[in-house]
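Encoded as structure tokens, the structure appears first; notes follow it.
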Protein chains: 2
Amino acid sequence: MGFPETFKALSDPVRREILTMLKEGRKSAGEIGQKFDMTGATISYHLNILKKAELVFEEKEKNFIYYNLNLTVFEEIMMWITQFTGKKEDNSEE
Amino acid sequence: MGFPETFKALSDPVRREILTMLKEGRKSAGEIGQKFDMTGATISYHLNILKKAELVFEEKEKNFIYYNLNLTVFEEIMMWITQFTGKKEDNSEE
DNA sequence: TTGCTATTTAGAAAATTTTCTAAATACATA
DNA sequence: TATGTATTTAGAAAATTTTCTAAATAGCAA
């Protein structure tokens, strides 16, 4: 995957808002788009960046494409930041 | 401060590399610049972005300006990510 | 003061990112 | 098959970011 893509993906407010929406559970591209004053094409562009950064994955179902959070990469970002804050690196609880 | 600036600041590889360098301790703008194949003006631009994001602070001493990590904001990013990974939010050890 | 070193500021050029419109694809169902 | 809905792709325009050169500022030291 690569940190460059991940951090780039997180650097845009629209994309962070999309991630926040997905905390509630999967949403279709259309549902996500309704939250923003942008064309579907632009939302699609942002979703693609999140997908390439592996921050989300998609599930195709009927006519829809649903987007989900992929938590693995969030863990990796945590690790990266941990090198600065010096908290323990293995969160072995839970 | 604001997450937008912080994430923007972290989105550039040069700036992340600068932060990594500063783990060792404070460095002057000149010392930082030696690591990169860029003009001092460009380094200064990146340092300013890190400073505005409050990821670093500066100490002026004699003819030099030394840059240091400011760990506070890293903690805030950790918090932001924690909302996704669901780890405990108060790291009350140490 | 004058000159030297360290760094920033200003403004322009180059590169990248974000957004849009229009067209394309894909699937579902009448 | 034909039509409609959901979403993406292509290509261009607009906006932002990164970089450079040249000039400015600031402190030190002769």
Side-chain angles (χ1 to χ4, degrees), chain A residues 1-22 24-70 73, chain B residues 1-22 24-70 73:
Chain A
M1 67 122 206
F3 281 116
E5 287 117 301
T6 306
F7 281 106
K8 273 285 181 211
L10 289 175
S11 73
D12 184 87
V14 170
R15 292 191 292 264
R16 288 197 303 278
E17 178 70 22
I18 291 172
L19 293 174
T20 301
M21 288 177 73
L22 294 181
E24 294 172 13
R26 74 177 197 175
K27 295 217 183 320
S28 69
E31 288 175 304
I32 293 166
Q34 287 172 349
K35 261 276 191 179
F36 299 93
D37 186 22
M38 295 172 161
T39 65
T42 298
I43 296 301
S44 184
Y45 159 81
H46 285 298
L47 288 171
N48 189 245
I49 286 175
L50 289 170
K51 198 168 57 183
K52 284 194 293 197
E54 293 178 69
L55 287 161
V56 304
F57 63 93
E58 58 181 39
E59 291 172 311
K60 300 190 190 197
E61 204 166 295
K62 299 182 92 185
N63 221 0
F64 300 85
I65 303 178
Y66 291 98
Y67 285 87
N68 285 278
L69 289 182
N70 176 10
V73 176
Chain B
M1 65 121 207
F3 281 116
E5 287 118 302
T6 306
F7 280 107
K8 273 284 181 212
L10 289 175
S11 72
D12 183 86
V14 170
R15 292 191 292 265
R16 287 198 302 279
E17 177 70 22
I18 291 172
L19 293 174
T20 300
M21 286 177 72
L22 294 181
E24 294 172 12
R26 74 178 197 174
K27 294 219 184 316
S28 69
E31 288 175 305
I32 293 166
Q34 287 173 347
K35 261 277 192 179
F36 300 92
D37 186 21
M38 296 172 161
T39 64
T42 298
I43 295 301
S44 185
Y45 159 81
H46 285 298
L47 288 171
N48 189 244
I49 286 176
L50 289 170
K51 198 167 58 182
K52 283 193 294 198
E54 294 178 70
L55 287 160
V56 304
F57 63 92
E58 56 181 39
E59 292 173 310
K60 301 190 190 197
E61 205 166 295
K62 300 182 94 184
N63 222 1
F64 300 84
I65 303 179
Y66 290 98
Y67 286 88
N68 285 278
L69 288 181
N70 175 10
V73 177

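So that the names make sense, note that chain A is the first sequence line, chain B the second, and so on, each numbered from 1. Predicted, not measured: the structure shown is a model, and the values here were computed from it.
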Show, in sequence, the C-alpha distance, side-chain angles and deciding distance for A:M38 and A:V14, and conclude whether the side-chain contact (heavy atoms from CB on, under 4.5 Å) test is met. CA-CA 10 Å; A:M38 295 172 161; A:V14 170; 3.5 Å; yes
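- Minimum atom distance to the side chain of B:S44 is reached by C:dT9, of the listed C:dT9, C:dT19, D:dT17.
- Contacts of B:G40 with the nucleic acid, taken as non-hydrogen atoms under 4.0 Å apart, include base atoms.
- For DNA chain C, the neighbouring residues in residues 60-67 of chain B, judged by any heavy atom under 4.0 Å, are B:N63, B:F64, B:I65, B:Y67.
- Considering only side-chain N and O atoms, A:T39 lies nowhere under 4.0 angstrom from the phosphate OP1 or OP2 of C:dT19.
- Nearest nucleotide to the side chain of A:T42, out of C:dT7, C:dC20, C:dT8: C:dC20.
- Among the heavy atoms of the strands lying under 4.0 Å from B:D12 are primed sugar atoms or P, OP1, OP2 only; no base atom is included.
- Contacts of A:R26 classified as salt bridge (charged side-chain N to carboxylate O under 4.0 Å, His left out), with partners at least two apart in sequence or in another chain: A:E59, A:E61.
- Neither OP1 nor OP2 of D:dT17 sits under 4.0 Å from any side-chain N or O of B:H46.
- The salt bridge (charged side-chain N to carboxylate O under 4.0 Å, His left out) test applied to A:K35 returns no partner, not counting sequence neighbours.
- Contact annotation: B:S28 side-chain N/O to C:dA6 OP1/OP2 distance is not under 4.0 Å.
- Within 4.0 Å of B:A41, counting heavy atoms only, lies at least one base atom of the nucleic acid.
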